[in-house]
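Quick note: numbers below take in every heavy atom, side chains included, and nothing from hydrogens, waters or symmetry partners.
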Amino acid sequence: MKRLACLVFLLGPTMAAMGEDWPQWMGPQRDNIWRESGLLEKFPADGPQVLWRAPVAGGYAGPAVVGDRVYVTDYVTSDNVKVANFERKEFTGIERVLCLDEATGKELWKHEYPVKYTLSYPAGPRCTPTVDENRVYTLGAEGHLICFDRESGEVLWSKEFQQDYDTKSALWGYASHPLIDGNKLICIVGRKGDHVVAFDKLTGDELWRANSAPEQGYSPPTIFEAGGLRQLVILSPDSVSSLDPETGDEYWSVPYEATSGSIIMSPVISDDYIYVGGYSNKNLLLKLGEGDVEPEVVFQDERDAGLSPVNVQPMVVDGVLYGMDQSGELMAVELPSGERRWATSAPVGERPEGSGTAFIVKQADRYWLFNERGELVICRITPEGYEELDRAKVIEPTNVAFGRDVVWCAPAFAHGKMYVRNDDECICVD
């Protein structure tokens, strides 16, 4: 049961070879692919150069990088938040949104507001800021949604989900990264008829609301082109649902029973199959039909098949699902059979550790993994196996989980650099 908490922190056109931004969770196309080239093959003997370090406070939220700005959120408190608990306790502090200079790490603007945390793993916010044109959107751990002018830091509009929608945060807080779709900002919000809400991204006005759920869960909203339709696929603790992203009307829904509400990964698609998984060996593979017909269940909760992601969003490459399993092993799983091709604990350590974490980003024919020990790993991952090319320590673990020191933050990769934070600093690595 203790491993469940890790679930929270983790689960456009191609741009030029260099200089690509990282404007949101999982990058420009929300797929964890780094489309730059000209990068080093191995690290220097003394490790990659750290170009700057900027002080920050606690949090699991990754940075977003656009142009000459870096955006990151944190939580300032005098309370001891380095606790791995699974109960709601109160912590008093201030959430902040920081805008840093991309070249130096110097603070350009800051916005802060008081917030009382009543959640588990209370180090700080979970969601990466989302940058869209001249605006930046942030979502705090207790449901404070704010739209800023990204240059000046002026607040353009804001929402407080718990107050505005008469709800409360899930055990591990708000962790579903908002999704920009046209004129809409789509968010996981409440439970009774407003599980998912679409806001006008310019004004904050509600456009539509949909679905009910026993709790919010932690899975970000995802849009696929499938079955001849644009489908907004929403995971909740008790279902997998497909909605019309323009109206919120339901196309189909399939039951899914998440352990203790712990649905975190965003669904992934491979041809006409959608895969979902989570803690306690939960898995579900759906075969989509044409239009809005209910999909076929190919397999569900097969103990020796599929993948049960916790901290890390998996990805599908050429019909093979790669991801970190709840066991702490990196696995390769064939779809649609669900067969596990191989598993290794190497990205994190010699032995598998429950909920071991290594965030996965693909770049050309190799992968960059950032693990919970603060190491950056260059490797190749294929259906045949895992090949490590090099690794280097870049930042210190500053939080705790299951009796070990960890850093659980998805990095940003932009402009030929990596940007990552712990509970003390945000750094830029060449």
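Residues passing the side chain to side chain donor-acceptor pair (under 3.5 Å) test with Glu151, sequence neighbours excluded: Arg69. In this structure Asp68 satisfies the side chain to side chain donor-acceptor pair (under 3.5 Å) test with no other residue, sequence neighbours excluded. For the ring-ring contact (aromatic ring centres under 6.0 Å, His included) test, residues two or more places apart in sequence or in another chain that qualify with Tyr117 are Tyr75. Considering only residues two or more places apart in sequence or on other chains, Glu296 meets the side chain to side chain donor-acceptor pair (under 3.5 Å) condition with none of them. Among residues two or more places apart in sequence or in another chain, the salt bridge (Lys or Arg N to Asp or Glu O under 4.0 Å) test is passed with Arg340 by none. In this structure Arg209 satisfies the salt bridge (Lys or Arg N to Asp or Glu O under 4.0 Å) test together with Asp194, Glu206, sequence neighbours excluded. Remark: Trp109 engages no residue in a side chain to side chain donor-acceptor pair (under 3.5 Å) (not counting sequence neighbours). Considering only residues two or more places apart in sequence or on other chains, Ile33 meets the side-chain contact (heavy atoms from CB on, under 4.5 Å) condition with Asp31, Arg35, Lys362.
The residue from Leu139, Leu202, Asp200, Leu145 that alone fulfils the side-chain contact (heavy atoms from CB on, under 4.5 Å) condition with Leu185 is Leu145.
Across every non-hydrogen atom of Val233 and Val240, the tightest pair is CG1-CG1, 4.0 Å. The two atoms that bring Thr247 and Trp208 nearest to each other are O-CG, 3.3 Å, heavy atoms only.
A 6.0 Å sphere centred on CD of Glu388 holds more than 12 heavy atoms belonging to other residues, nucleotides or ligands. The environment of Lys106 atom NZ is sparse: at most 12 non-hydrogen atoms of other residues, nucleotides or ligands sit within 6.0 angstrom. More than 12 heavy atoms of other residues, nucleotides or ligands shown are found within 6.0 angstrom of CG on Asn80.
Using a distance-only test at 3.5 Å, with no hydrogens or angles considered, no donor-acceptor pair links the side chain of Thr344 to the main chain of Leu330. Using a distance-only test at 3.5 Å, with no hydrogens or angles considered, no donor-acceptor pair links the side chain of Glu215 to the main chain of Arg191. Between the side chain of Glu372 and the backbone N or O of Thr357 there is at least one donor-acceptor pair closer than 3.5 Å. Counting only distance, with no hydrogens or angles, the side chain of Glu36 and the backbone of Gly416 share a donor-acceptor pair below 3.5 Å. Under the 3.5 Å distance criterion, the side-chain polar atoms of Trp342 are matched with a main-chain donor or acceptor of Pro383. Remark: side-chain polar atoms of Asp101 are paired, donor with acceptor, to backbone N or O of Ala103 under 3.5 angstrom. Using modelled atom types, no side-chain atom of Asp292 and backbone atom of Tyr251 make a donor-acceptor pair closer than 3.5 Å. Although no hydrogens or angles enter the test, the distance criterion places a donor-acceptor pair under 3.5 Å between the side chain of Ser219 and the main chain of Met265. Asp244 contributes no side-chain N or O that, together with a main-chain N or O of Gly248, makes up a donor-acceptor pair within less than 3.5 Å. A donor-acceptor contact shorter than 3.5 Å is absent between the side chain of Asp325 and the backbone of Leu307.
Salt bridge present: Arg380 and Asp365 bring a charged side-chain N and a carboxylate O closer than 4.0 Å. A salt bridge is defined here as a Lys NZ or Arg NE, NH1 or NH2 lying under 4.0 Å from an Asp or Glu carboxylate O, and Glu334 with Arg341 meets this definition.
Evaluation of the salt bridge (Lys or Arg N to Asp or Glu O under 4.0 Å) test over residues 261-286, restricted to residues two or more places apart or in two chains, returns Asp272-Lys287, Lys282-Asp301. Pairs passing the side-chain hydrogen bond (donor to acceptor under 3.5 Å, both in side chains) check and including a residue from residues 128-149, sequence neighbours excluded, read Thr118-Glu142, Asp132-Arg135, Asp132-Lys201, Glu133-Arg135, Arg135-Tyr137, Glu142-Gln162, Glu142-Ser169, Asp149-Ser152. Among residues at least two apart or in separate chains, side-chain hydrogen bond (donor to acceptor under 3.5 Å, both in side chains) pairs with a member in residues 416-428 are Arg53-Glu425, Glu102-Lys417, Glu102-Tyr419, Thr398-Asp423, Asn399-Asp423. For residues 221-239, the set of pairs meeting the side-chain hydrogen bond (donor to acceptor under 3.5 Å, both in side chains) definition, not counting sequence neighbours, comprises Asp181-Arg230, Thr222-Ser266, Gln231-Ser242, Gln231-Trp252, Ser236-Asp238, Ser236-Ser239, Ser239-Ser241.
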### Task
Start with the C-alpha gap between Phe402 and Glu353, add the side-chain angles, then the distance that decides, and say whether side chain to side chain contact (heavy atoms under 4.5 Å, CB included) holds.
CA-CA 9 Å; Phe402 319 122; Glu353 292 190 282; over 6 Å; no

### Query
Does the pair Thr73 and Leu98 meet the rule for a side chain to side chain contact (heavy atoms under 4.5 Å, CB included), with working shown?
CA-CA 6 Å; Thr73 60; Leu98 305 175; over 6 Å; no

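Note that CG of Leu100 is 10.0 Å distant from OH of Tyr71, once rounded to the nearest 0.5 Å.
A donor-acceptor pair shorter than 3.5 Å cannot be found between the side chains of Gln216 and Tyr218. In this model, no donor atom of one side chain and acceptor atom of the other lie less than 3.5 Å apart for Trp52 and Thr104.
Between Phe148 and His111, the ring-plane angle classifies as perpendicular under the 30° and 60° cut-offs. Between Phe413 and Trp22, the ring planes lie perpendicular to each other; the angle is over 60°, past the 30° to 60° tilted range.
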